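Heads up, the thing below is written out as structure tokens.
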Amino acid sequence: MTARTVLQPADITRALTRISHEILESNREWLDTVVLGIPTRGVVLAQRIGATMVSAADLPIAVGSLDVTMYRDDLARNPTRAPGRTAVPAGGIDGKLVILVDDVLYSGRTIRAALDALSAIGRPRYVRLATLVDRGHRELPIRPDFVGKNLPTTEGERINVRLLEIDGVEEVTIES
Amino acid sequence: MKHLLSTKDLDRDTAVGILDVAEDMADVATREMKKLPTLRGKTVINLFFEDSTRTRTSFEVAAKRLSADLINFTAKGSSVSKGEGLKDTAQTLAAMGADAVVVRHSASGAAQVLAESKWIDASILNAGDGTHEHPTQALLDAFTMRKRLHGEASRGRDLAGLRVTIVGDILHSRVARSNVWLLNTLGASVNLVAPATLLPSNTTGWPVTIGYDLDESIDADPDVVMMLRIQAERMHAAFFPNPREYSRQWGLDDERLSRLRPDTMVMHPGPMVRGLEISAGAADSSRSTVLEQVANGVSVRMAVLYLLLAGAAES
């Protein structure tokens, strides 16, 4: 097992700042925006993206979290997992622009589950997907709208996203 | 976790884990769309050999909110009333492909017999066995206490330091037994109050203090007073002279209620007999958690069904 650092703290910050501005630029209809992170690390990324957006634009922007555990299609294949938190901002998501945020986009199954979870909460005008790392190997017809870094990987490799708030360090490494 | 038979064999982390998942389930109950697809394709059977409305209905709502198929099998008017034994009933349910059986039976240990038998491979949830245990009731009671104590900040916490007084028919109460073990595991201290005739003759090894005088216990300023129902169907001997005397000595009346702190919780597992063990004033006061207990029962049972049924089968 060797781990190689592919993103340093400054790279992560730069990627998230760029994503935040891309989201704002794409919001041509000037819609209320809800940034929903997928636990665990997606929630932290969503908070950072939301904060950057708030400081850059005078627009109602709310941040929350969306747990997808109950909607996964692989529950019966794994040991029982403890669900994470869903916290939808008070105004809900109906008619708004929802940005889903995850740390690593891989098979696309988490996002499939997230779309189901969203439909149980409300009906957004648009749903867009932001991810810090896209490592490829999609198993479903899902693609991200905002990507921090495209990392070509093999299926045997592991991507570790570590964030200051959760892990005490800030880096993205690739393990093979 | 494959079965839930008692609270005695739950450790602290497992118990807190169940309550935490129940918090997530409670969040689902607050939104417009209350259904989760999690247990789609799973079959849950309510196997009730004793009368029950709220527990059976609560499990039914919980299973349906998780998209499981639920079948009610009650002893009255079934093959059981024609003389079928537990073994044949269990094998019949197994042949129908049950993934979980929620069982209530008048015999202590019935759930364990089902779980340990080779008759059926399903997860067994004890919904009350004789005078032994009723684990989901204790879990929902603990959930209710934790929610009142810590509110939104409940996750991950136990009930350390909480002082709980349980009053009434301890002898026949599976609710009391399940609560004694679970509350102790979660760090609360338990005081049992009852007429001597309604206490088990042997409570060696129970982590409780025992009293006979409700007024003394109330003056000791408990955080929770849990009233138990006088179970008319189990009153086969002269446990107390008459209901009025019981009510006067061990009932929570308005006068006793007024001596409790405003934030003392008054709990009752239901069904209540108003005027006997609890006055209408106590049942309807802001201290009463009775309706919260019912609502939380659904969340806790959803959590248990999720934890038993969603993951890969343990080998």
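Model, not experiment: these values are computed from the prediction. In what follows, chains carry the letters A, B, and so on, assigned in the order in which the sequence lines appear, proteins first and then strands, with residues in each chain numbered from 1.
There is no contact between B:Met302 and chain A, counting heavy-atom distances below 4.5 Å. For B:Lys34, no part lies under 4.5 angstrom from a heavy atom of chain A. For A:Ser119, no part lies under 4.5 angstrom from a heavy atom of chain B. Using a 4.5 Å cut-off between heavy atoms, B:Arg40 makes no contact with chain A at all.
Counting heavy atoms of neighbouring residues, nucleotides and ligands inside a 6.0 Å radius, atom CD of A:Glu139 exceeds 12 of them. Enclosure of atom CG in A:Asp167 by more than 12 non-hydrogen atoms of other residues, nucleotides or ligands within 6.0 angstrom is indicated. For A:Ile166, the CD1 atom is densely surrounded, since the number of other residues' heavy atoms within 6.0 Å is greater than 12. Heavy-atom neighbours of A:Arg158 CZ from other residues, nucleotides or ligands within 6.0 Å: at or below the threshold of 12.
Using a 4.5 Å heavy-atom threshold, the side chains of B:Arg31 and A:Ile121 count as touching. Considering only heavy atoms from C-beta on, B:Thr38 comes within 4.5 Å of A:Leu75 through its side chain.
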Test log, rule side-chain contact (heavy atoms from CB on, under 4.5 Å), inputs A:Thr80 and B:Tyr306: CA-CA 8 Å; A:Thr80 313; B:Tyr306 168 73; 3.9 Å; yes
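Pairing each heavy atom of B:Val21 with each of A:Pro83, the nearest pair is CG2-CD, 3.7 Å.
Among the candidates B:Asp24, B:Val28, B:Leu36, the single residue satisfying the side chain to side chain contact (heavy atoms under 4.5 Å, CB included) test with A:Met70 is B:Leu36.
Note: A:Arg85 leads A:Arg72, A:Arg81, A:Arg85, A:Arg77 in heavy-atom pairs under 4.5 Å with chain B.
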